[in-house]
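Report on the following structure.
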Amino acid sequence: MTTPLLPLGTERLLLRLFTPDDLDDLYAYQGLSEVARFLYRPPLTREQCVQSLTRRAAGTAWAEDGDDLVVAVCPVGESKVVGEVVLKLASARARQVEIGWAFNPEYGGRGYATEAARAVAALAFAELGAHRLFARLDVLNTGSVRVCERLAMRREAHLVENDLDDERWGSEYVYAMLAREWKVDRT
Ligand SMILES: CC(C)(COP(=O)(O)OP(=O)(O)OC[C@H]1O[C@@H](n2cnc3c(N)ncnc32)[C@H](O)[C@@H]1OP(=O)(O)O)[C@@H](O)C(=O)NCCC(=O)NCCS
């Protein structure tokens, strides 16, 4: 796949591939510790954002385990990127796809993450052939828990202290949805 599926539009958003011109917008949120807090890694440096953009702008193959698609989210009428939704092919054989998101907190609390994630989930099921879509999130990440629940994903697992972030043991929820549940939910 060479990402012919993008750009696509929702009611309030344009979803597209990143370009090298998005550096300032990407760094504006990926450089924040509050955004990195639940990602089990430090905030990105500006240089790391440059490298990430080069990779993101090339799109992706969608064939092998680990391939990913990073979607830039722009409010309609603004050229600004306010966040991203990521799809990762966790298992090509079993059509298992992981979804994740990160948004600029300046644009939080408007429903943009939910609206973008819903559209990208639809793309995963309808265009990329996902059988199961799942998300892993820290149990303290209440904003992400709410996004999953608004998408009607099921809480499948509660992993207890399965990761370590500096001195803190992290626990995770796994949320998921099957293609047939997505179809049922849309009718
Ligand atoms: C997770 C994250 C994307 C959630 O952001 P968010 O702003 O809470 O989510 P949304 O953009 O979907 O906004 C939802 C809120 O907007 C409100 N809202 C306001 N106007 C709205 C509108 N017109 N339409 C829909 N919702 C609207 C909703 O009621 C909801 O508020 P609530 O959660 O208090 O009920 C954000 O916290 C983030 O980027 N965190 C850092 C990265 C991260 O942790 N990623 C996940 C790793 S697994």
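Both counts, for ligands and for their atoms, begin at 1 and track the order of listing.
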Nearest atoms (heavy-atom pairs only) where Gly83 meets Phe103: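 Gly83 and Phe103 have their closest heavy atoms at CA-CD2, 3.7 Å.
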Just to confirm my output: which protein heavy-atom neighbour is closest to [atom], and how far is it?
{"atom": "atom 37 (O) of ligand 1", "result": "Gly143 CA, 4.8 Å"}
{"atom": "atom 19 (C) of ligand 1", "result": "Gly109 O, 2.9 Å"}
{"atom": "atom 29 (O) of ligand 1", "result": "Arg150 NH1, 4.7 Å"}
{"atom": "atom 47 (C) of ligand 1", "result": "Leu39 CD2, 3.5 Å"}
{"atom": "atom 13 (O) of ligand 1", "result": "Gly111 N, 2.9 Å"}
{"atom": "atom 38 (C) of ligand 1", "result": "Phe103 N, 4.0 Å"}
{"atom": "atom 1 (C) of ligand 1", "result": "Ser144 OG, 3.1 Å"}
{"atom": "atom 32 (P) of ligand 1", "result": "Arg146 NE, 3.7 Å"}

Ligand 1-proximal atoms of Arg12, by part, heavy-atom distance under 4.0 Å: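 Near ligand 1, Arg12 shows its side chain, while the N, CA, C and O stay back.
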Region of Asp138 engaging ligand 1 - heavy atom pairs below 4.0 Å: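 Neither part.
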Presence of salt bridge, Glu156 and Arg132, under 4.0 angstrom: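 Salt bridge present between Arg132 and Glu156.
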Using a 4.0 Å cutoff against the non-hydrogen atoms of [X], which atoms of ligand 1 qualify?
{"X": "Val35", "result": "41 (C), 42 (C)"}
{"X": "Ala113", "result": "3 (C), 9 (O), 10 (P), 11 (O), 12 (O)"}
{"X": "Trp101", "result": "1 (C), 3 (C), 42 (C), 43 (C), 45 (N), 46 (C)"}

Nitrogen or oxygen of Tyr107 less than 3.5 angstrom from that of ligand 1: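 No, since none of the N or O atoms of Tyr107 sits under 3.5 Å from an N or O of ligand 1.
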Polar contact flag for Glu34 and ligand 1 (N/O pairs, less than 3.5 Å):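 So ligand 1 has no N or O lying under 3.5 Å from an N or O of Glu34.
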Side-chain (Arg56) to main-chain (Val71) donor-acceptor, under 3.5 angstrom: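 Answer holds: no.
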Distance-only polar pair, side chains of Gln48 and Tyr27, donor-acceptor under 3.5 Å: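 Result is no, nothing qualifies.
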